[in-house]
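Computed over heavy atoms, backbone and side chain alike; hydrogens, waters and symmetry mates excluded.
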Amino acid sequence: MDVLTEGVELSHADLALLAELAKGVTVDRVGRRLDISGRTVRRRLRCICDRIGVATAIEAVAWAARRQLI
């Protein structure tokens with residue numbers, strides 16, 4: 001199931017990735033926890049940022065936190 005906020009749809013996997021980053025976990029460690037490569041995490045993060053209209057991972061985490069998604 002996906003979460004729809006302000007016309008932007010994020011999957012639970014996307015939110016899990018942002019939640020891990022919000023805890024201060026490194027991208028490579030997030031990859032290990034989610035059983036994907038660090039490069040895949042970076043690619044997914046770039047797609048999330050593009051989808052929600054922000055420039056950085058920090059902004060993406062803040063965007064999700066402000067909407068109480070993480």
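Within a 6.0 Å radius of CZ in R39, other residues, nucleotides and ligands contribute 12 heavy atoms or fewer.
The side-chain contact (heavy atoms from CB on, under 4.5 Å) with V41 is formed by just one residue from the set L21, T26, L17; it is L17.
When all heavy atoms of I70 and A22 are compared, the closest pair comes out as CD1-CB, 3.9 Å. Closest heavy-atom contact between C49 and A60: SG-CB, 3.9 Å. Shortest non-hydrogen contact noted between V54 and R46 is O-NH2, 3.5 Å.
For the pair R42 (side chain) and V27 (backbone), a donor-acceptor distance under 3.5 Å is absent. Distance alone, capped at 3.5 Å, is enough to place a donor-acceptor pair between the R44 side chain and the A13 backbone.
Distance NZ/K23 to CZ/R29: 12.5 Å, rounded to 0.5 Å. Atom CG in L69 sits 9.0 Å away from atom CG in L18 (nearest 0.5 Å).
Taking a cutoff of 4.0 Å between a charged side-chain nitrogen and a carboxylate oxygen, D28 and R33 do not qualify as a salt bridge.
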From CA spacing to verdict: side chain to side chain contact (heavy atoms under 4.5 Å, CB included), L10, I52: CA-CA 9 Å; L10 293 178; I52 63 176; 4.2 Å; yes
Worked check of side chain to side chain contact (heavy atoms under 4.5 Å, CB included) between C47 and D50: CA-CA 5 Å; C47 289; D50 290 344; 5.7 Å; no
Residue pair R67, W63: steps toward the side chain to side chain contact (heavy atoms under 4.5 Å, CB included) verdict: CA-CA 7 Å; R67 287 154 182 83; W63 182 93; 3.0 Å; yes
